[in-house]
Amino acid sequence: MKRSIIHSVFLLIFIVSAFNATIISQENDKFIVVLDAGHGGHDPGNRGNGYKEKEIALNVVLAVGATLEKDDRFKVVYTRKTDDFIELHERGSIANKAGADLFVSVHCNSHRSQAYGTETFVLGLHANDENFNVAKNENSVILLEDNYEANYDGFDPNSPESIIGLTLMQEEYLDQSLTLASFVQNRFKKTLSRKSRGVKQAGFVVLHQTYMPSVLIELGFLTNNSEGKYLNSKKGQAEMAKSIITSIVDYKESLDAIYKVSEPETPEVTNTTAKMEGDRVFEDITFKVQIAAGSSEIELQPFNFNGLDQLSKIKAGDLYKYYFGSTSNYTLIQELKDIAVGKGFDSSFIVAFRNSELIPLTEALKANTSSN
């Protein structure tokens, strides 16, 4: 009974904290991103090929934060900026107290083989043994904490059953987390030609502790001879950071489009410093992905469109046309099309608007463009 009361009090405190964090976020005009460098201090993370995960993760996080801080749309909060050991529950608490809009945790992977490639995780139960083992490795850091049994209410990082209780608080944000994770993986694959091992779901304690869209990025395998060397290099860390930066910016701009869907045009991109080289931005053009059309009107809710949450529609005569995404960035809309196809909309295609009027895509692509 005593344990039940203590657990109920802890849960109430957590809910009140999350509620207060939401109010703070609503009052703050800036998009708050919490950047979490995995491990630190007496927890080095994995040491494949003699490299230190904690150092690589921190270098990448600091590079991501340095660029985002130059963009006045963002506020950056770090769980650590130095080689410190931060308990997992404290990382989530930092994000919740900041009223964060996004939580991004950065790690490096390891394996007994020469496995390689990037993967981005969200909190979920669609896990297999491989995903569980990755989560178990990252969760095992709680065993280094002095009072972990009290901090995590008896959670056992070695028990698959313990994972089941982790998903409730993050379920509301699963679709948004999956969208960001897809952005990250697409950037790694298309811009850097890194092998993508995909977007995955697994039970990470650090994601469970947060009350906002959250992802955990595995940059690659330090145990792979080639990939480990790349991730340990300044070049590799700078390139991976730049991809993450662009993914975060793209994610924010895609959210902006949702809340301004009634306006005729996508808001002008005010800061493109975070764009990757080769991105094509058409200031007077709005691109969307047409995912469906039909005579029936469908409510614009993610559950009606296989989880897609950046939706709009237009009625043309007796036909309703349904769209995913809204941006002047042609590179981004191509990524959104890939996401739509991945969600089952195999026949989706890109369309273009100027002044709310549908125009041929070929005409739009002939317009003046700005790129980095």
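- Considering Lys81, Arg91, Arg80 in turn, Arg91 is the only one that fulfils the salt bridge (charged side-chain N to carboxylate O under 4.0 Å, His left out) rule with Asp36.
- The local environment of NZ in Lys321 is sparse, with at most 12 non-hydrogen atoms from other residues, nucleotides or ligands closer than 6.0 Å.
- Formation of a donor-acceptor pair under 3.5 Å by the Asp84 side chain with backbone atoms of Gly41 is not found in this model.
- Leu222 has its side chain out of reach of Ser110: every pair of non-hydrogen atoms, C-beta onward, lies at least 4.5 Å apart.
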Stepwise side-chain contact (heavy atoms from CB on, under 4.5 Å) test for Tyr78 and Ile86: CA-CA 11 Å; Tyr78 303 87; Ile86 309 296; over 6 Å; no
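- Put simply, the side chain of Tyr322 gets close to the backbone of Ile298: a donor and an acceptor are under 3.5 Å apart.
- How far CG of Leu300 is from NZ of Lys313: 4.5 Å, rounded to the nearest 0.5 Å.
- Checked options Glu239, Glu227, Glu218, Glu119; the residue passing with Arg194 is Glu227 (criterion: salt bridge (charged side-chain N to carboxylate O under 4.0 Å, His left out)).
- For the atom pair CD of Gln176 and OG of Ser214, the computed distance is 10.0 Å after rounding to the nearest 0.5 Å.
- Atom OG1 of Thr179 is separated from atom CZ of Phe324 by 6.0 Å, given to the nearest 0.5 angstrom.
- Among His39, Lys54, His42, the single residue meeting the side-chain contact (heavy atoms from CB on, under 4.5 Å) criterion with Asp83 is Lys54.
- Cation-pi geometry between Lys343 and Phe305 is not satisfied (NZ or CZ under 6.0 Å from the ring centre, within 45° of the ring normal).
- A donor-acceptor pair under 3.5 Å links the side-chain atoms of Asn96 to the main chain of Gly92, judged by distance alone.
- Ring centroids of Tyr116 and Tyr230 are separated by 6.0 Å or more, keeping the two rings apart.
- Residues Arg187 and Glu335 are paired through a salt bridge, judged by an N-O separation under 4.0 Å between the basic side chain and the carboxylate.
- Side-chain N or O atoms of Asn355 include none that pairs as donor or acceptor with a backbone N or O of Glu357 at under 3.5 Å.
- Judged purely by atom type and a 3.5 angstrom limit, Gln185 uses its side chain to pair as donor or acceptor with the backbone of Thr118.
- Arg280 CZ to Ile333 CD1: the interatomic distance, rounded to the nearest 0.5 Å, is 13.5 Å.
- Taken together through direct or relayed side-chain contacts under 4.5 Å among Ile, Leu, Val, Met, Phe, Trp and Tyr, Val77 and Phe103 form part of one hydrophobic cluster.
- Listed for the Asn46 side chain is a donor-acceptor partner under 3.5 Å among the backbone atoms of Gly48.
- Between Lys229 and Asn225, every side-chain heavy-atom pair lies at or beyond the 4.5 Å cut-off.
- Checked by atom type, the side-chain pair Thr327/Asn329 shows no donor-acceptor distance below 3.5 Å.
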